[in-house]
Structures are given as structure tokens and as C-alpha cells.
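Take a look at the structure below.
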There are 2 protein chains.
Amino acid sequence: MHFKSLIRSIKERREMLQVTQETLADLSGVGLRTLKQFESGKGNPTAETLNKLGNALGLELTFQVKTTTAEE
Amino acid sequence: MHFKSLIRSIKERREMLQVTQETLADLSGVGLRTLKQFESGKGNPTAETLNKLGNALGLELTFQVKTTTAEE
DNA sequence: TTTTAAAGTGCATTATATGGCTCTTTTGTA
DNA sequence: TACAAAAGAGCCATATAATGCACTTTAAAA
């Protein structure tokens, strides 16, 4: 699934800030169980949930125009 | 809700490309009913649904680091 | 090692997103 | 105006996201 990269962003940012899943769950208002699911590669988060997590980590969920440059 | 801006992106892009809701629904695989809901300001789309719509429109769902005014 | 905090999982319940069908409202055009 | 296409909304069945609780696994420190 595509949101894997979104979750990766969450996880990387969380770890960069040295915040535990539990703390992030508390700060964001997202259930710990839910956050664990995402970071272990499962689930299909809603925009609201992604926003909550993003807000707590200083990340903003956006649509970017895909520039058809080369590959990655 | 925050995903309003995401939906706005979808809608603006769709209209810019002169694609109807129905066509976008077909192209993206998202139900027409669901797309209508979003564009009329309701609902809480999942990452998967946002991705489907984004893919059909050349938009990519990403997390951006929030820069408060000046930073690098 | 042993201990312990953090992370991951199974199960059950509740809340809600999805999507088809149908009808109404809005909008653009002749 | 009138008409047709597009957009919006109500109803509702189904699928699944969110969540808590209890348990297991992992990893890092003592």
C-alpha cells in the first residue's frame, strides 16, 4: 500500500524526536493500539488519524503534484 | 477538519483537468457516492482512498515538515 | 544472565467509511 | 426561460478503522 511511506515518515520523525509510541499516542490523541498497528505495517489510517499524528510531530499532510521527471 | 485542504486539492485539480466527479470516480476506482461526499465537505477518507484519487489526478500524498516561518 | 521499557499481536466491540440506489438541487448552455 | 448534465443528499447494508485489554516478543540497560 502507498501509505507505507506516510507511516515511515511518522515513524522516522517519531524516532528522530526520541518519542515513544505511547507518548505519541498520548500527544496526538490516537489510540496506542492504532499507532502500533500502523508502525507494524498494518491498517489503513483515515485522514483524520494521519493529521492527528502529523500535528503532534510537526508534519503536514499534503498533496503534491507528481512531476513526471525521471524515476526515483 | 484538516483534510479539507486535501479535498480542495483534489477538487481543484479535477476541475483544472475538466474531469467530472463521475469520470474521476471511474478512473480512480473510488465510488461516486464517496467522492461526492468528500467534495461536499463530508467524510473522513482513508489513506487508501486519498491515494486512489491522487493517483488518478497525478497527485501524491505526502507528509511535509512544518516549517514555522524561518527555518531551513 | 535478569529486568524492564518499548514494541508487536489476538480478540472483541464500537464507530464509521464505503458505495449502490434513488431523488433533489445546482449549473451551464441553447 | 427550458433542458440536460453535473453535483449533492438520504437511506442503508457491508466492510473495516479505531480502540481497549491482556498477552507475547524484542531490545537495551543493569
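Predicted model, so just to flag it, every value in this text is computed and none were measured.
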Measure from the side-chain N and O atoms of B/Ser40 to the backbone N and O of B/Lys36, and report whether any donor-acceptor pair falls under 3.5 Å. yes

Between D/dA17 atom P and A/Phe38 atom CZ, what is the distance in whole Å? 8 Å

Between D/dA28 (P) and A/Glu15 (CD): distance, integer Å: 11 Å

Exercise: identify the closest heavy-atom pair between B/Leu57 and B/Arg13: O-NE, 2.8 Å

At under 4.0 Å between heavy atoms, what does B/Thr34 touch on the DNA or RNA strands: base, sugar-phosphate, or nothing? base

A/Lys36 atom NZ is separated from C/dA7 atom C1', nearest whole Å, by 5 Å

Between A/Lys52 and D/dA17, does any side-chain N or O lie under 4.0 Å from OP1 or OP2? no

Under 4.0 Å between a side-chain N or O of A/Ser40 and OP1 or OP2 of C/dA7? no

CG of B/Leu32 versus P of C/dG20: gap in Å, rounded? 8 Å

Within the supplied structure, the quantity of interest is the number of heavy atoms (other residues, nucleotides, ligands) at a distance under 6.0 Å from A/Glu22 CD; does it exceed 12? no

B/Thr49 vs B/Leu35 side-chain heavy atoms within contact, under 4.5 Å: no

Short side-chain N/O contact to D/dG8 OP1/OP2 from B/Gln21, under 4.0 Å: yes

B/Leu17 with A/Phe63, same ILVMFWY side-chain cluster at under 4.5 Å: yes

Taking only the side-chain heavy atoms of A/Glu39 (C-beta and beyond), determine which of C/dT18, C/dA6, C/dG8 contains the nearest atom. C/dG8

Determine, stepwise, if the pair B/Thr62 / A/Thr62 fulfils side chain to side chain donor-acceptor pair (under 3.5 Å). CA-CA 5 Å; B/Thr62 62; A/Thr62 62; 3.2 Å; yes

Would you mind reading off the distance between A/Gln18 atom CD and D/dA28 atom P, rounded to a whole angstrom? 13 Å

Please state how far atom NZ in A/Lys11 lies from atom P in C/dG8, giving the value in whole angstrom units. 5 Å

Bend angle of the helix from C/dT1-D/dA30 to C/dA30-D/dT1, end axes from five pairs each (to 10°): 60°

Would you indicate, yes or no, if C/dT16 has its OP1 or OP2 atom less than 4.0 angstrom from a side-chain nitrogen or oxygen of A/Thr46? no

Nucleotide nearest B/Asn44 when distance is taken to its side chain, options C/dT18, D/dA6, C/dA17: C/dA17

What integer distance in Å separates B/Leu35:CG from C/dA17:C1'? 14 Å

Side-chain contact test, heavy atoms from C-beta onward, threshold under 4.5 Å: evaluate it for B/Ile10 versus B/Leu6 and give yes or no. no

base_contact_polar (D/dG8 base, B/Arg33 side chain, donor-acceptor, <3.5 Å): no

Could you state the atom-to-atom distance from CD of A/Glu48 to C1' of D/dA18 in whole Å? 10 Å

Of all the nucleotides listed (D/dA6, C/dT9, D/dA9), which has the minimum atom distance to the side chain of B/Lys42? D/dA9

